[in-house]
2 protein chains.
Amino acid sequence: MTVIFSKKCEYGLQAILYLSTLEREAVLSADEIARKLNIPKEFISKILQSLTDSGIVFSKKGKSGGFALAKDPRRIRLIDVVAAIDGLAVFDSCVLGFPNCNPDNPCPLHEKWGQLRTKAYGMLTDETIDLFREKTISKVNAK
Amino acid sequence: MTVIFSKKCEYGLQAILYLSTLEREAVLSADEIARKLNIPKEFISKILQSLTDSGIVFSKKGKSGGFALAKDPRRIRLIDVVAAIDGLAVFDSCVLGFPNCNPDNPCPLHEKWGQLRTKAYGMLTDETIDLFREKTISKVNAK
DNA sequence: ATTTAATCAGATTATTTTATCTGATTTAAG
DNA sequence: CTTAAATCAGATAAAATAATCTGATTAAAT
């Protein structure tokens, strides 16, 4: 199966986008996020933990604790979330898997794929979490 | 880790491209392909078998047997190989993994990602194996 | 005919990714 | 102070992907 983001990254992006729709100051528990987005609770907990380590998410421990964005949504780029979870290797390695593919010694797809990849990277870099706040997460996630 | 094609698909594309550089009529054994491309022999054998079932590759059994393209390289599109190995689901599902994402109910990335995906699909559909025959596989694959 | 070198078919193993479990720690609230 | 509800940390389990093994069949070459 061809894949763009890992499941972990998909879930992480979903959660971040969801958190961006909340009031500032409010925290949401992993359990609530899991239920809202239909993500296994323990799995999204782990992902939120790692996003906390990366400084993208803030966590409040103890009773009535939970998670919130660590900074202004306008300052969290999609690429930051992807980098924190999946890393950026895909934007810097040969799409055909040839070990020595580089501009001086390109694989047959090097040029054309490179253009697409650059566009994708640019899009993820330009777009911040904030742009999507008005969208309703619930609709696209209904069972 | 973010990934575009599965390992299976990468290897399959590498092998097909390599086969396209051969003389018409010539067959190459799985073992030779494996050595040339640094792919586990048994693994590439399986992949070549499935590409044979898909009608992309022709196989000659018995001693001095091997594999060759089943048709003119100008008539094998990259997308055909991808479809045979990884399938095309990635070109028709939400990049964020939202189950109900569709044009009437789009996820925040629907529009922008859709454009990129269409371009990628178009590229894989336009390009055939033949275009790459002059490229030297060995160079991009050197250890 | 026999040997040899190849594909083919199906089972098995290894590795990675996804998901779950267990228990410790933290903190708000009664 | 005690309880309840949450994160946190690390181990474990399950599923998917990647890789390997075993033996059967095929066909060219001797």
Side-chain angles (χ1 to χ4, degrees), chain A residues 1-15 19 25-70 82 85-87 89-90 97, chain B residues 1-15 19 22 25-70 82 84-87 89-90 97:
Chain A
M1 170 62 68
T2 309
V3 144
I4 302 298
F5 299 130
S6 68
K7 222 84 186 98
K8 224 186 241 178
C9 195
E10 274 183 20
Y11 290 160
L13 285 165
Q14 287 189 13
L19 287 175
E25 309 289 308
V27 299
L28 209 56
S29 73
D31 193 58
E32 290 172 291
I33 296 171
R35 271 188 286 109
K36 191 68 168 186
L37 299 173
N38 296 308
I39 300 173
K41 181 192 166 186
E42 289 87 358
F43 200 23
I44 196 60
S45 296
K46 284 291 180 203
I47 295 166
L48 288 164
Q49 270 181 50
S50 83
L51 288 172
T52 302
D53 294 343
S54 311
I56 293 171
V57 155
F58 158 82
S59 82
K60 187 183 172 201
K61 297 180 193 173
K63 185 163 181 175
S64 77
F67 299 90
L69 298 184
V82 173
I85 300 178
D86 275 349
V90 75
Chain B
M1 170 62 71
T2 309
V3 145
I4 304 298
F5 299 129
S6 67
K7 223 81 184 103
K8 225 186 243 178
C9 194
E10 274 183 20
Y11 290 161
L13 286 165
Q14 287 189 13
L19 286 176
L22 296 188
E25 309 289 308
V27 300
L28 209 57
S29 73
D31 194 60
E32 290 172 291
I33 296 171
R35 271 188 285 108
K36 191 70 167 186
L37 299 172
N38 297 308
I39 301 172
K41 181 194 165 187
E42 290 87 358
F43 200 23
I44 195 60
S45 296
K46 283 293 182 203
I47 296 166
L48 288 165
Q49 271 181 51
S50 83
L51 288 173
T52 302
D53 295 342
S54 310
I56 294 172
V57 155
F58 158 82
S59 82
K60 187 183 171 199
K61 298 182 193 171
K63 186 162 179 178
S64 76
F67 299 89
L69 298 185
V82 174
I85 299 179
D86 274 349
V90 75

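Atom CZ in A/F43 sits about 19 Å away from atom P in D/dT12, given to the nearest Å. Rounded to a whole Å, the CG atom of A/L28 is 12 Å from the C1' atom of D/dA6. In this structure, the CZ atom of A/F67 is 14 Å from the P atom of C/dT27, given to the nearest Å. Between B/L48 atom CG and C/dA9 atom P the separation is 14 Å, expressed in whole Å. Across the protein-nucleic acid pair, B/E10 atom CD and D/dA19 atom P stand 10 Å apart, rounded to whole Å. Whole-Å rounding puts the A/K41 NZ to D/dC8 C1' distance at 13 Å. When the C1' atom of C/dT7 is taken as reference, atom CD1 of B/I44 falls 14 Å away, rounded to whole Å. Distance NZ (A/K60) to C1' (C/dA29): 12 Å, rounded to an integer number of Å.
Atoms CZ and CG, on A/F5 and A/D86 in that order, are 7.5 Å from each other to the nearest 0.5 Å. Note that OH of B/Y11 and CD of B/Q14 are 7.5 Å apart. Values are rounded to the nearest 0.5 Å. The CG atom of A/L48 sits 5.0 Å away from the CD1 atom of A/I33 when rounded to the nearest 0.5 Å.
Taking a cutoff of 4.0 Å between a charged side-chain nitrogen and a carboxylate oxygen, A/K7 and A/E10 qualify as a salt bridge.
Of the candidates D/dT20, D/dT7, C/dT18, the closest approach to any side-chain atom of B/E42 belongs to D/dT20. Of the candidate nucleotides D/dC21, C/dT20, D/dA19, D/dA19 has the atom nearest to the side chain of B/K7. Out of C/dT7, D/dA4, D/dT7, the shortest distance to the side chain of B/S59 is found at C/dT7. For A/A30, taking side-chain heavy atoms from C-beta onward, the closest of the listed nucleotides D/dT7, C/dT18, C/dA28 is D/dT7.
Among the heavy atoms of the strands, none lies under 4.0 Å from B/F58.
When the side-chain nitrogen and oxygen atoms of A/S29 are compared with OP1 and OP2 of D/dT7, none of them lie within a distance under 4.0 Å. For D/dA18, the OP1/OP2 oxygens have no side-chain nitrogen or oxygen of B/Y11 closer than 4.0 Å.
In terms of position along DNA chain D, the nucleotide closest to A/G66 lies nearer the 5' end than the nucleotide closest to the other residue of the pair A/K46 and A/G66. Summary of the strand contacts: A/K8 and A/K63 both lie near DNA chain C, and taking for each the nucleotide with the nearest heavy atom, the more 5' one is attributed to A/K8.
The nearest pair of heavy atoms linking B/A84 to B/L51 is CB-CD2, 4.2 Å.
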